[in-house]
Protein chains: 2
Amino acid sequence: MNATEALKKLSDVSMEGLCGSILERHRETVRVQKPHIAISKLVLIIEATLKLSSRQSFHATSLRQISEESGVSMGSLYSYFDSKDTLLLMILDQVATTTTNILGNPPEEVLAKPLNHLRWLIETHVELTDAMLPWFNFAFLEAKSFPRFGRKAAIESEEASERIFREVIEKGVQQACFVVEDPAFAAALVKPLLQDWYVKRSKWRRRGINAKEYSTRVKNFVEKALSVNAAT
Amino acid sequence: MNATEALKKLSDVSMEGLCGSILERHRETVRVQKPHIAISKLVLIIEATLKLSSRQSFHATSLRQISEESGVSMGSLYSYFDSKDTLLLMILDQVATTTTNILGNPPEEVLAKPLNHLRWLIETHVELTDAMLPWFNFAFLEAKSFPRFGRKAAIESEEASERIFREVIEKGVQQACFVVEDPAFAAALVKPLLQDWYVKRSKWRRRGINAKEYSTRVKNFVEKALSVNAAT
DNA sequence: ATAAAAAAATCGAGCGTTCGCTCAATTGTG
DNA sequence: CACAATTGAGCGAACGCTCGATTTTTTTAT
């Protein structure tokens, strides 16, 4: 895979792209051989899962419902995962992976100035969660109710994305573009602002706020709270 | 009930006080006559429900588990509610009621200055969610996955508490203590900051942040974002 | 004060249903 | 015709919920 393909893949948030990534990561659990068949069926299964789980919880969603909604029979479902928990994990993992991949690879031109980097992070986070809305809603709702292994993974994912924000704020403080006493705390407060965009999406839709407006206002709010020195 | 009792009751966030309030609101569903028996059993049932639902979701928690954890038999449980959905509703309603009651009744001395009012709201919200941590965690996690009737109630409760913040910010803008272009938007951003305190409590505990520190820092962050004019 | 009667509260086995999951049989594919 | 992929009836287990039997508490009669 060359650099262009890698980049293309990095930012492919289509259902096919995301399910392709899921297939790679669970190659030995998926018993279907041909990738193009596996991916197209995974798309159907995960679309159905996200749709049904947005109305009721994942736990309340039965595999029979997923089977009916996706058009994949009960038996076939188990060629794509070995348990309902694995299906949950596939989706949660993919959200975490995509988030880290995208937010962790900013374009070079924003890296020089922490303010630009911060703005890019906010814009990109809003755009990403917009493009993958059902995925992020699902992950937010189901990560907490997840027992054993997934809990730890959810915490790590949460901390990974918080660290990205903390580092840019710390750098900004060092370069005197931001004035804030505790960068870690500030970063921890930016996250819920961005989460609100997809968690309470219907509220924002009702108020006629779109993605661009939302990220503009969050940037505004955060920059004031960070006492931004615009000159730097 | 005289004023003192009303006030005492208003701020009684003990398990007994909260379950007493639940009993009042569901008097015809609870088939047990004597209030002291009903309340003491409701305490056991709801304590067990909150405890079990914090590990797994409410949906994943069975009534047999609640029966075992609370020491109340399966049959007896149904003397206190007529369905599992009603038990869920009892808890969600109580959280909404308590929040509105407490945040909607600030002491008179803070009403003169919007800044003081805002500070009181933030402090009180943090204290309240601290005192009722399992309740708020439960409400946050389960409100979304709630079908039909509860969904609307959850939205209304959310908007009620957001309105309280919006009104104080609007008043502050009129009196020129705050400078912010859209009070409704600012209020909408304050809420998730306060929610983070109980939603991701284990994170804050791990970092050694207590309630007082948290509310101090949130006040700091918000006041900067609102461009507070301290003189007013 | 005590026993009998009435009422209130508790109990858990059992009902019908649905769940996650399996597998022998069937269908599609190169 | 070998192999990949799909199917859905059927399995045991667990679910929400009910109800007649039982225990506990309160009231009444003596």
Side-chain angles (χ1 to χ4, degrees), chain A residues 19 23 26-46 48-49 52-53 55-91 142 145-148 150, chain B residues 19 23 26-46 48-49 52-53 55-91 142 145-148 150:
Chain A
C19 289
L23 178 59
H26 293 85
R27 206 64 203 83
E28 68 263 22
T29 358
V30 180
R31 290 211 309 273
V32 173
Q33 306 295 320
K34 317 274 173 177
H36 73 278
I37 294 181
I39 290 178
S40 66
K41 284 291 169 67
L42 274 174
V43 168
L44 293 175
I45 293 168
I46 288 175
T49 304
L52 292 168
S53 300
R55 296 195 223 135
Q56 58 206 273
S57 73
F58 177 72
H59 211 104
T61 304
S62 73
L63 290 171
R64 282 171 181 82
Q65 286 179 284
I66 294 174
S67 167
E68 195 176 356
E69 177 76 31
S70 64
V72 177
S73 70
M74 280 294 294
S76 269
L77 288 179
Y78 279 82
S79 296
Y80 294 92
F81 48 79
D82 51 16
S83 75
K84 200 186 172 191
D85 272 352
T86 300
L87 172 59
L88 174 56
L89 206 63
M90 280 174 167
I91 301 176
E142 306 303 337
S145 57
F146 202 58
R148 302 173 300 279
Chain B
C19 290
L23 178 59
H26 293 85
R27 206 62 203 88
E28 67 262 22
T29 350
V30 179
R31 289 211 311 273
V32 172
Q33 307 293 320
K34 316 277 170 179
H36 73 279
I37 294 180
I39 290 177
S40 67
K41 285 290 170 67
L42 274 173
V43 168
L44 293 175
I45 293 168
I46 288 175
T49 304
L52 292 167
S53 300
R55 295 194 225 136
Q56 58 206 274
S57 73
F58 178 72
H59 211 102
T61 303
S62 73
L63 291 172
R64 281 172 181 81
Q65 286 179 285
I66 294 174
S67 168
E68 195 176 356
E69 178 76 30
S70 64
V72 177
S73 70
M74 279 296 293
S76 272
L77 287 179
Y78 278 82
S79 297
Y80 294 92
F81 48 77
D82 51 16
S83 77
K84 201 187 172 191
D85 272 352
T86 301
L87 173 60
L88 174 55
L89 207 61
M90 281 175 167
I91 301 176
E142 306 303 335
S145 57
F146 203 56
R148 301 174 299 279

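Please read these numbers as outputs of a predicted model, since none were measured by experiment. Chain A is the first sequence line, chain B the second, and so forth, proteins listed ahead of strands; every chain is numbered from 1.
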[X] [atom1] - [N] [atom2] separation (whole Å):
| X | N | atom1 | atom2 | value |
| --- | --- | --- | --- | --- |
| A:His36 | D:dA5 | NE2 | C1' | 11 Å |
| B:Arg31 | C:dT10 | CZ | C1' | 11 Å |
| A:Phe81 | C:dC21 | CZ | P | 8 Å |
| B:Lys34 | C:dA7 | NZ | C1' | 9 Å |
| B:Ile39 | C:dA9 | CD1 | C1' | 16 Å |
| B:Glu68 | D:dC15 | CD | P | 11 Å |
| A:Leu63 | C:dC21 | CG | P | 6 Å |
| A:Lys84 | C:dC19 | NZ | C1' | 8 Å |

### Query
How would you label the contact of A:Ser83 with the nucleic acid (heavy atoms, under 4.0 Å): base, sugar-phosphate, or nothing?
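Sugar-phosphate contact only - A:Ser83 comes under 4.0 Å of backbone atoms but never of a base.
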
### Message
For a quick check of understanding: with a heavy-atom distance under 4.0 Å over all strands, which category does A:Thr61 fall into, base, sugar-phosphate or nothing?
### Response
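Sugar-phosphate only.
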
Specify the closest pair of heavy atoms between [X] and [Y], including all atoms of both residues, with the distance to one decimal.
| X | Y | value |
| --- | --- | --- |
| A:Glu142 | A:Phe58 | OE2-N, 3.1 Å |
| A:Lys84 | A:His59 | NZ-O, 3.3 Å |
| B:Ile91 | B:Thr49 | CD1-CG2, 4.0 Å |

Nearest listed nucleotide, side chain of [X], among [options]:
| X | options | result |
| --- | --- | --- |
| A:Lys41 | C:dG20, D:dT6, C:dA9 | D:dT6 |
| B:Ser73 | D:dT6, C:dT10, D:dC17 | C:dT10 |
| B:Ser79 | C:dC21, C:dT10, D:dT6 | C:dT10 |
| A:Ser62 | C:dC21, D:dT6, C:dG20 | C:dG20 |
| A:Ser76 | D:dT6, C:dC21, C:dG14 | D:dT6 |
| A:Gln33 | D:dG16, D:dA4, D:dT6 | D:dA4 |
| B:Met74 | C:dG12, C:dT22, D:dT6 | C:dG12 |
| B:Arg64 | D:dG10, C:dG14, D:dA5 | C:dG14 |

### Task
Decide yes or no on side chain to side chain contact (heavy atoms under 4.5 Å, CB included) for B:Leu87 and B:Leu77, but give the supporting numbers first.
CA-CA 10 Å; B:Leu87 173 60; B:Leu77 287 179; over 6 Å; no

### Message
Is the phosphate of C:dT10 approached by B:Tyr80 (side-chain N or O, under 4.0 Å from OP1 or OP2)?
### Response
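Yes, because at least one side-chain N or O of B:Tyr80 sits under 4.0 Å from OP1 or OP2 of C:dT10.
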
### A:Tyr78 side chain near D:dT6 phosphate (N/O to OP1/OP2, under 4.0 Å)
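Checking D:dT6 against A:Tyr78, no side-chain N or O comes under 4.0 Å of OP1 or OP2.
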
### Query
Will you find, in the side chains of B:Ser83 and B:Thr86, an N or O donor that is under 3.5 Å from an N or O acceptor?
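Present: a donor and an acceptor within the cut-off.
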
